[in-house]
Amino acid sequence: MTNETVWKLITVFAILFVTLNVAAFLIWLERRLLALWQDRYGPNRVGPFGLLQVVADMVKVFTKEDWIPPFADKPVFVIAPAIIMLTIITAFAVIPFSPGIEVVNLNVGLLFFLAMSSLGVYSVAFAGWSSASKYSLLGGLRAAAQMLSYEVFMGLSLTGVVMLAGSFNLEDIVNAQKGMWFFVPQFVGFVVFFIAGIAETHRLPFDLPEAESELVAGFHSEYSGMKFGMFFVGEYLGITLISALIVTLFFGGWMGPVLPPIVWFTIKTFFFICVFILLRASLPRPRYDQLMSYGWKVMLPLSLLNLLVTGGILLATGK
Amino acid sequence: MNITFYLTAVVAVISTFMVITRRNAVHALLYLVVSLLSVALIFLILGAPFIAALEVIIYAGAIMVLFVFVIMMLNLGPQSVAQEGQLLSPGIWVGPVILTALLSGELLYVLLRTPGRVFNITTVSPKLVGMALMGPYVLGVELASMLLLAGLVGAYHLGRKDRSDGGAS
């Protein structure tokens, strides 16, 4: 093996290790921050600041009985939680964490992310279907329709960025933000992408697929043990992925003064993760028809308009 | 490069065969997704990364999800699986097998007659695809968009609430 291959392998495993641990750590962070914003304590007993709560939870979830209901469609039931982990972790491959630290420098990197996120829908849909329970099925149906609708303008909102940078390559997109971060000229695109990102990770306020007040636990009602754990960690991985992408596409990626690039990337990503959690702490859940009509009647025209205006300006300035 | 191509092709053929023979509609769809993914990989190997990505996003990621959605809505039970089983009786295979055997024989003949070719790969960038679509093939793009618009208007018409008979409400 050459030196380069070894370095690449180290990067791959480091990124895998860090992202998985960040996702696990987020479980604790979310509970603490939610508690803070709602004037409670949150988990503060196990270890310093309750940090070892994650370890305790992990021990619990790994040793729980892994129960597959006899009425479930077994192969699909087993595959479903694997799909969400697989697609999200694979999508991390194209993110440039800092110059040189990335798994692949793909020339269609942005499309690769969109492809992986659109494949992630199967996880939730198949989990809902294979459980053969009405609550799960309803959750799965909601998830399929919601993620499909919000994917449409998630892609559209990114075209503005691609037009400005002139490339689908994420590293090129970061480098194109040397003069000005893209959230200034693409503010509408940023807002639309952020909202679509919340819907894609089905987080509150868009967590209708697992709305616990109506559907028990939605698509993962029948799951237990580590299979449930994978949906749980997958959700936090999704948040990390969307936050990292927002930073890469709209907030200059690794760029920033004084501090090393990887630190800047981490700080910015962490900020957006906290915004995700703040949204959960503060917003109520809309009705399902409100969610769909909001998507198709507000977000879609808005992103099309953004596309038109960006195209017009680029054409007029002759870039 | 050759090995990856043949491996992917084998996966594509096997998964497509499984799509036809599965009795459970969702299982068939899962294999169809695998089949589409392998076709996308073949596009990538043959030097069309943009089309490969679009294949995954549009076919595997959107159209197939709609299929899954409809099948979930129908919520087919065990009796439909039994019904599917009757549909695929051995007798029904005869006709299609003879016809496709003829076609694949022809294909093999043509392939074997022409001397072995080396993959001549030129990577097609997204920009080139866009320029080709908006340049020489612009008529096709316009026709496709009109067709889609017609579909959209039709769906809107079907989904519209009827105002004439709901006078009381």
Side-chain angles (χ1 to χ4, degrees), chain A residues 71 73-77 79-80 83 87 90 94 104 106-134 136-149 151-152 154-155 159 162-163 166-169 200 219 296, chain B residues 18 22-34 36-37 39-41 43-44 47-78 81 123-131 134 148 152 155-156 159 161:
Chain A
F71 47 80
D73 190 311
K74 203 176 164 197
V76 182
F77 191 84
I79 291 171
I83 295 175
T87 52
T90 322
V94 290
V104 279
L106 211 59
N107 63 348
V108 288
L110 195 55
L111 292 174
F112 183 82
F113 156 72
L114 285 174
M116 284 304 128
S117 89
S118 59
L119 287 182
V121 184
Y122 288 114
S123 170
V124 185
F126 282 143
W129 176 82
S130 66
S131 299
S133 124
K134 56 188 165 223
S136 303
L137 187 70
L138 278 172
L141 273 176
R142 282 182 177 188
Q146 166 183 335
M147 289 165 86
L148 198 65
S149 322
E151 234 159 54
V152 173
M154 180 183 237
T159 29
V162 174
M163 280 154 86
S167 170
F168 283 108
N169 186 328
E200 278 294 300
F219 63 90
W296 288 107
Chain B
M18 296 297 259
R22 290 308 88 186
R23 290 176 185 179
N24 189 319
V26 171
H27 294 179
L29 274 178
L30 254 174
Y31 279 112
L32 189 52
V33 173
V34 175
L36 287 167
L37 287 180
V39 171
L41 202 59
F43 274 127
L44 188 71
F50 186 64
I51 304 300
L54 286 191
E55 173 96 13
V56 179
I57 296 173
I58 293 169
Y59 283 98
I63 293 176
M64 283 301 115
V65 174
L66 282 179
F67 276 50
V68 171
F69 186 78
V70 170
I71 284 173
M72 281 166 78
M73 288 271 267
L74 297 175
N75 201 11
L76 306 166
V81 174
T123 306
V124 184
S125 72
K127 210 169 195 165
L128 283 176
V129 176
M131 271 149 72
M134 288 299 149
L148 286 175
L152 202 66
Y156 180 74
K161 280 189 191 120

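Below, read A as the first sequence line, B as the second, and so on, with proteins coming before strands; counting in each chain starts at 1. Below, each value reflects all heavy atoms present in this structure, side chains not excepted, and no hydrogens, waters or symmetry copies.
- Using bins of under 30°, 30° to 60° and over 60° for the plane-to-plane angle, the ring pair B/F50/A/F168 lands in the tilted bin.
- Open room surrounds CZ on B/F43; 12 or fewer heavy atoms of other groups in view lie less than 6.0 Å from it.
- Contact annotation for A/L148: only side-chain heavy atoms (C-beta onward) come within less than 4.5 Å of a heavy atom of chain B.
- Interatomic distance, B/I63 CD1 to A/S118 OG, rounded to the nearest 0.5 Å: 11.5 Å.
- With sequence neighbours excluded, the residues satisfying side-chain contact (heavy atoms from CB on, under 4.5 Å) with A/A145 are A/Y288, A/M292, B/F69.
- Contact count against chain B (heavy-atom pairs under 4.5 Å) is highest for A/V108 among A/V121, A/V108, A/V152.
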A/F126/B/V68 under side chain to side chain contact (heavy atoms under 4.5 Å, CB included): CA gap, chis, key distance, verdict: CA-CA 8 Å; A/F126 282 143; B/V68 171; 4.0 Å; yes
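- When every heavy atom of A/Y122 is checked against every heavy atom of B/V65, the shortest pair comes out as OH-N, 3.6 Å.
- Between A/E151 and B/G61 the shortest heavy-atom distance is OE1-O, 4.0 Å.
- Between B/A53 and A/L111 the shortest heavy-atom distance is CB-CB, 3.6 Å.
- Legend: residues meeting side chain to side chain donor-acceptor pair (under 3.5 Å) with A/N107, ordered by chain and number and at least two apart, are absent.
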Worked verdict on A/L119 versus B/L37 for side chain to side chain contact (heavy atoms under 4.5 Å, CB included): CA-CA 10 Å; A/L119 287 182; B/L37 287 180; 3.9 Å; yes
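- When every heavy atom of B/M72 is checked against every heavy atom of A/L141, the shortest pair comes out as CE-N, 3.5 Å.
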